[in-house]
Amino acid sequence: MFLDRDGVINRAIVREGKPFPPGSLDELEILDGVDESLRALKDAGFKLIVVTNQPDVARGTVSKTLVEDINRALQDALPLDSILSCFHDGADQCDCRKPKPGLLLAAAREWDIDLPASYMVGDRWRDVEAGRAAGCMTFFVDYQYDEKQPDAYDFRVGSLREAAQIILQRMEAT
Ligand SMILES: [Mg+2]
Ligand SMILES: [Zn+2]
């Protein structure tokens, strides 16, 4: 399982219809159902890898320390295997900023993950496109943000909990 962070694991801060990461540890709020859903997916055999774009670090508006503090708090609270962050902005032309699949491909190599048997869950088009580029099944968590929408996805859901229910039902059915 590849999971976006802000808006999937923890609540995104929405301003003018667009989502932003928490601006402090005080603003960090794990969404309802995330803990149970992750535990159920882990029990079903999935590795749980968070892949997150944090371009505000390159833009100088958020410190890398804050991103890492939030990541550590999430890892302490939840059964995550890893959190991989891209700290770049578009101008950096890195391989890891979603919609590029670099973080997913690196994790797949490290953990020996079967990408076509994997899922990417995200709340923005970049997440969904990165999942598609890596060859995963994709879930779009649709909060109806006022921004570009993904071109295509396999499932549209309201939460990670809903995505987990669909995945676990599909596994039971086969
Ligand atoms: Mg997000
Ligand atoms: Zn990057």
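Order of appearance sets the numbers: ligands from 1, and atoms from 1 within every ligand.
Taken from CG in Leu66 to CG in Asp56, the straight-line distance is 10.0 Å, to the nearest 0.5 Å.
Ordered by chain and number, Asp4 OD2, Asp6 O, Asp123 OD1 make up the set of protein N, O or S atoms under 2.8 Å of the Mg ion (ligand 1). Around the Zn ion (ligand 2), protein N, O or S atoms at less than 2.8 Å comprise Cys86 SG, His88 ND1, Cys94 SG, Cys96 SG.
Look at Arg126 and Glu129 and you find no salt bridge, because none of the NZ, NE, NH1 or NH2 atoms lies under 4.0 Å from a carboxylate O. With salt bridges taken as basic N to acidic carboxylate O contacts below 4.0 Å, one links Arg39 and Asp35.
In summary, the side chains of Gln54 and Asp6 do present a donor paired with an acceptor at a separation below 3.5 Å, with no hydrogens or angles considered.
Under a cut-off of 6.0 angstrom, the local environment of CD in Glu147 is crowded, with over 12 non-hydrogen atoms contributed by other residues, nucleotides or ligands.
The cluster map of Ile, Leu, Val, Met, Phe, Trp and Tyr, joined by side-chain heavy atoms under 4.5 Å apart, puts Leu103 and Val67 in different clusters.
Hydrophobic cluster membership of Phe140, counting Ile, Leu, Val, Met, Phe, Trp and Tyr whose side-chain heavy atoms lie under 4.5 Å apart directly or via other members: Val128, Tyr153.
Side-chain atoms of Leu31 and Ile9, non-hydrogen and from C-beta on, never get closer than 4.5 Å to each other.
Partners of Ala130 according to the side chain to side chain contact (heavy atoms under 4.5 Å, CB included) rule, which considers only residues two or more places apart in sequence or in another chain, are Lys98, Leu104.
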